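Read the structure below first, then the notes.
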2 protein chains.
Amino acid sequence: MMVKLPAGKPGKGELLNADCPSREVLKRLTGRWSLLVLIALKQETLRFSALRRRIGGVSERMLAQTLRHMEEDGFIQRTAYEVVPPHVEYHLTPLGREAESRIAVLADWLENNLGRIMQHRSAAAGETAVGNSE
Amino acid sequence: MMVKLPAGKPGKGELLNADCPSREVLKRLTGRWSLLVLIALKQETLRFSALRRRIGGVSERMLAQTLRHMEEDGFIQRTAYEVVPPHVEYHLTPLGREAESRIAVLADWLENNLGRIMQHRSAAAGETAVGNSE
DNA sequence: CTGGATCCCAGATGATACTG
DNA sequence: CAGTATCATCTGGGATCCAG
């Protein structure tokens, strides 16, 4: 079964197409933690534990997994120093920085408009409560 | 229990803080389908079934759920015409359009750089394959 | 310190059937 | 047409223990 890309330039993805590999990448990029890793690494190179402290609520397992995936996709670079105790650092690659800048646009907007959104959500919840109990 | 926002302007969120409600909104915004709904509705008002056809791979259930959530958060508006057969339309609200424009930045970048990312991923997979079979 | 391995659960998602 | 209800499944994610 061929994957048909509606107006395809080479290497160009189509997110609305279920068969497009961009879906896969999107999934990774918008995963619960990936995006936060990008933000956390925006300016500084960080060690595993520092990163973990920086990103509230992430477990060791998930952070490790997320970092592995992001390294695979080329967003971050992992540098391990062969010492004991181990010392591992993570920092953004050029690709990662490009992605981060786009993510930041969204993140900044979200942080600055959080009030508006929460407000709307409360209002919506109130209205629903009037008419039914869902 | 108070939510402590590190350097809080009013209504300003902190994504890196686990207790910040922005996490919740982010989850919705970056959910598997929300983002695609925003893109699909960028220019046109669409009916449920049209939207479903537009977004490859989404099930009725998930689309309906996503649309409800996005309406709650104020990103889209649902308009139901009381006719038979039913006719329901969805379109972006001003808030939705703002979000969409930020999402679009990320989506466009992703679509245009998909090749680069896939390439890196293959390379990474290759390297790992040399050393082990994971 | 940096994770890998395991166990386990809640929630996300899909398939299908059904209704106003 | 536009969903909802139900059931089954799959996966993300946390807790814990372990190892280099």
Side-chain angles (χ1 to χ4, degrees), chain A residues 18-19 23-37 40-41 45-73 76-91 128 131-134, chain B residues 15 18-19 23-37 40-41 44-73 76-91 128 131-134:
Chain A
D19 300 322
R23 282 283 180 89
E24 186 76 15
V25 179
L26 184 68
K27 200 169 169 181
R28 293 242 175 129
L29 217 50
T30 63
R32 183 167 179 191
W33 305 114
S34 317
L35 186 149
L36 298 177
V37 167
L41 288 179
T45 292
L46 290 176
R47 303 180 54 167
F48 185 85
S49 48
L51 203 42
R52 183 152 135 71
R53 264 181 313 254
R54 197 86 190 291
I55 302 175
V58 68
S59 68
E60 291 184 359
R61 192 173 99 87
M62 279 303 106
L63 182 56
Q65 188 179 99
T66 301
L67 289 171
R68 247 185 296 117
H69 286 157
M70 294 180 70
E71 194 194 0
E72 280 175 26
D73 290 356
I76 62 177
Q77 164 129 24
R78 177 181 185 278
T79 310
Y81 299 93
E82 290 302 332
V83 297
V84 41
H87 182 121
V88 182
E89 293 181 347
Y90 296 90
H91 64 91
T128 355
N132 79 45
S133 53
E134 188 266 340
Chain B
L15 280 171
D19 301 323
R23 283 283 181 90
E24 187 76 15
V25 179
L26 184 68
K27 198 170 169 182
R28 292 245 174 126
L29 217 49
T30 63
R32 184 166 178 191
W33 305 114
S34 317
L35 186 150
L36 298 177
V37 167
L41 288 179
E44 338 163 40
T45 291
L46 289 177
R47 305 179 53 165
F48 185 85
S49 49
L51 202 42
R52 183 151 135 71
R53 256 165 304 170
R54 197 86 190 290
I55 302 175
V58 67
S59 67
E60 290 185 0
R61 198 173 97 86
M62 279 304 105
L63 182 56
Q65 187 180 101
T66 302
L67 289 172
R68 250 185 291 120
H69 287 156
M70 295 181 70
E71 195 194 358
E72 278 175 28
D73 289 356
I76 63 177
Q77 163 130 26
R78 178 180 184 276
T79 310
Y81 298 92
E82 288 302 332
V83 296
V84 41
H87 183 121
V88 181
E89 294 181 348
Y90 295 90
H91 64 90
T128 357
N132 79 44
S133 53
E134 189 259 343

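Every value quoted in this text rests on a predicted model; they were computed, and no experiment measured them. Order of the sequence lines sets the chain letters (A, B, ...), proteins ahead of strands, with each chain counted from 1.
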Grab the [atom1]-[atom2] distance between [X] and [N] for me, whole Å please.
{"X": "B:R53", "N": "D:dG3", "atom1": "CZ", "atom2": "P", "result": "14 Å"}
{"X": "A:W33", "N": "D:dG14", "atom1": "CH2", "atom2": "C1'", "result": "10 Å"}
{"X": "B:M62", "N": "C:dA15", "atom1": "CE", "atom2": "P", "result": "11 Å"}
{"X": "B:R52", "N": "C:dA15", "atom1": "CZ", "atom2": "C1'", "result": "11 Å"}
{"X": "A:L67", "N": "C:dC1", "atom1": "CG", "atom2": "C1'", "result": "14 Å"}
{"X": "B:L63", "N": "C:dA12", "atom1": "CG", "atom2": "P", "result": "16 Å"}
{"X": "B:E24", "N": "C:dA12", "atom1": "CD", "atom2": "P", "result": "10 Å"}
{"X": "A:H69", "N": "C:dG4", "atom1": "NE2", "atom2": "P", "result": "11 Å"}

Report yes if at least one side-chain N or O of [X] is closer than 4.0 Å to OP1 or OP2 of [N]; otherwise report no.
{"X": "B:R32", "N": "C:dG11", "result": "no"}
{"X": "A:S59", "N": "D:dA15", "result": "no"}
{"X": "B:R68", "N": "D:dG3", "result": "no"}

Carefully, step by step, assess A:L26 and B:L35 under the rule side chain to side chain contact (heavy atoms under 4.5 Å, CB included). CA-CA 10 Å; A:L26 184 68; B:L35 186 150; 3.6 Å; yes
Closer to the 5' end of DNA chain D via nearest nucleotide, is it A:K27 or B:V88? B:V88
Give me the one residue out of A:E89, A:M70, A:H91 that meets side chain to side chain contact (heavy atoms under 4.5 Å, CB included) with A:Q77. A:H91
Exam field: side chain B:T66 to backbone B:W33, donor-acceptor pair closer than 3.5 Å: no
Measure from the side-chain heavy atoms of [X] and tell me the nearest of [options].
{"X": "A:R78", "options": "C:dC1, D:dT4, C:dT2", "result": "C:dT2"}
{"X": "B:E60", "options": "D:dG3, D:dG20, D:dG14", "result": "D:dG3"}
{"X": "A:R47", "options": "C:dT2, C:dG3, D:dG13", "result": "C:dT2"}
{"X": "B:F48", "options": "D:dA15, C:dG14, D:dG3", "result": "D:dG3"}
{"X": "A:Y90", "options": "C:dG3, D:dA15, D:dG3", "result": "C:dG3"}

State whether B:R54 and B:E44 are salt-bridged, where the test is any N-O pair (Lys NZ or Arg NE/NH1/NH2 against Asp/Glu carboxylate O) under 4.0 Å. yes
Do the rings of B:Y81 and B:H87 sit parallel, tilted or perpendicular, given the 30° and 60° boundaries? perpendicular
